[in-house]
Number of protein chains: 2
Amino acid sequence: MSDRRSGLSRTRQVGRLSPVRRTSTVDLIADAIRGAIVDGDLPPGVALGEAELAFQLGVSRGPLREAMQRLCAEGLLVIPRRRGLAVRIMTADDARDIHWLRARIETELGHRFLARPVAERKEMLRYLSAEVKRMQRALKADDARELGDAYLDFHRVLAEAGGSARLERMMGTLLIETRLCTFSMYAHFEVHRDLADEHMAMLGALEDGDAELFCRLLEAHLREEVRRLVAEPTEAEDLEAGRLLAETPDVPQPLGRLDLSEGV
Amino acid sequence: MSDRRSGLSRTRQVGRLSPVRRTSTVDLIADAIRGAIVDGDLPPGVALGEAELAFQLGVSRGPLREAMQRLCAEGLLVIPRRRGLAVRIMTADDARDIHWLRARIETELGHRFLARPVAERKEMLRYLSAEVKRMQRALKADDARELGDAYLDFHRVLAEAGGSARLERMMGTLLIETRLCTFSMYAHFEVHRDLADEHMAMLGALEDGDAELFCRLLEAHLREEVRRLVAEPTEAEDLEAGRLLAETPDVPQPLGRLDLSEGV
DNA sequence: GATCATCAGATTGTCGACAAACTTACATTA
DNA sequence: TAATGTAAGTTTGTCGACAATCTGATGATC
């Protein structure tokens, strides 16, 4: 079977060359849009035209539509027939669902984390600690956006600890959806003063190897997060999926700095 | 805000009309391919050309490529650069991962199921019971394919009990991946004689409202399933992602009955 | 005055075509 | 004989264009 790799298999392989990561245009576009969503440059519910978006990204409509389908499968975009696309608006039910799922997944991630060898754990703890410090700095600077980014990255690191690509992907999507909840409810970044402290406590539990405490803290945090989200009733709340685009302003908004730097 | 729905909001709404489900071509294609994967018409790892596939489906390459991206996001397809597409080959690690995730999700589904009102539960129990009977019939007839389908449907019904679209979608993908595991390891449908009995027991636990027993039975079943899958070492096992397509025969195989009946 | 029909405008869904990239096979050379 | 260089062939990635469809508004009718 392996004689197919004729030339290579008999040649001595020196060093350890990792395979080149060649990303397709569709990947680039999907990442750009995903990033724009996370950054808040594409607010939920705003109707976007394909042609306009494709022009801004510097690609034609073909690859853009392919990327749209991928993001739609992730649940980040809605594609109403013949109405372009729009970032999905999260409802209170979505918020509950997302945070409930995250609780189930992340508590398990905590267990998986603590099941790893100490060396790996130490390295990850460094990363986690760095993110907590980032939260603290952002809090001092009153930088809601930076705070939110550090928050997402903290949980992303946690997701990596699971050692399952499938799980990591799920968490990645859930985290973006989490932010979409914020945007859908508040329409802007929001500072929570106790966020850093909560995560400092979680980090401590992981350092101490106390799985149960970690789970308790995490679930409390997520519950609190949901409470904050659904307590504040906004216009987004009573939007149903069906008339998702009804509220969008007629003037197509400028998209902010959407850029696909190296694409063509 | 609601005055946008001018004509309708003032008209008396008779009966309960559910919104028309207008499926796009991309949806149709994605469903067709998904179905072909589940039916085993598209075996894992076989390289497929876009043009050929598009022709068989009676569509052009544009929509097909969009559908490909969606299925790729679901983890069912791999799209190597400039090599067309192929159904993903599941490894032993994948099998473990999938079944582990299913255990986490489905035990929770059991709890959610038992938390529902009795009336709803009864109806779902009928569906579940029907699937178990289907398994028994298939077992008598030695129909591996029918058995497998009933198995998937049983767990699909369970997924619906969760009341979370997000969770249902995850489970849907995981179930297809489960079948992909079978195809990847055995390359054909496989009859397990105790499948019906195992599910009969689970059904009984749900009828009795015994959540703990249900979870125990379910986890035992999934563990057993993994054992069966990884115990049988096949050529698919030692295939790594990188040379996924290396083994594909040079003759592009006929795709079986891939059909998009109503598409154009 | 409200409802319905008609029409123009704009946008999407789909297709066909071209060029670039990759694979495979063959010839050449050490 | 094995490895390298070259070339042809095939397939993808991308783009531009056309037609079908939907939206929104205007005008006619009861």
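Chain naming here is simple, since letters A, B, ... match the order of the sequence lines and numbering starts at 1 in each. Values below: all heavy atoms of this structure, side chains included; hydrogens, waters and symmetry mates excluded.
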S.K.: Under 3.5 Å, sequence neighbours excluded: what are the donor-acceptor pairs made by side chains of residues 31-38 of chain A?
M.R.:
residue	atom	partner	partner atom	Å
A/Asp31	OD1	A/Arg34	NH1	2.6
A/Arg34	NE	A/Glu74	OE1	3.1
A/Arg34	NH2	A/Glu74	OE2	2.9

S.K.: Of all the heavy-atom pairs spanning A/Met170 and B/Leu101, show the shortest one and how long it is.
M.R.: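 Reported closest heavy-atom pair: CE-CD1, 4.1 Å.
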S.K.: Polar-atom pairs under 3.5 Å, protein N or O versus N or O of nucleotides 10-13 of chain C: list them with distances, or write none.
M.R.:
residue	atom	partner	partner atom	Å
C/dT12	OP1	A/Glu50	N	3.1
C/dT12	O2	A/Arg82	NH1	3.3
C/dG13	OP1	A/Arg82	N	3.2
C/dG13	OP2	A/Glu50	OE2	3.3
C/dG13	OP2	A/Arg65	NH1	2.6
C/dG13	OP2	A/Arg65	NH2	3.3
C/dG13	N7	A/Arg61	NH2	2.8
C/dG13	O6	A/Arg61	NH1	3.3

S.K.: Any idea which heavy atoms bring B/Glu225 and B/His99 closest together, and the distance?
M.R.: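 Residues B/Glu225 and B/His99, closest heavy atoms: CG-NE2, 3.5 Å.
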S.K.: If you compare all heavy atoms of B/Ala92 against all heavy atoms of B/Val230, which two are closest, and at what distance to 0.1 Å?
M.R.: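 The answer is CB-CG1, 3.8 Å.
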S.K.: Can you list the residues that meet the salt bridge (charged side-chain N to carboxylate O under 4.0 Å, His left out) rule with A/Arg166, with sequence neighbours excluded?
M.R.: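 With sequence neighbours excluded, A/Arg166 shows a salt bridge (charged side-chain N to carboxylate O under 4.0 Å, His left out) to B/Asp94, B/Asp97, B/Glu177, given in chain and number order.
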S.K.: In whole angstrom, what separates B/Leu64's CG from C/dG16's C1'?
M.R.: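 Rounding to the nearest Å, CG of B/Leu64 and C1' of C/dG16 are 15 Å apart.
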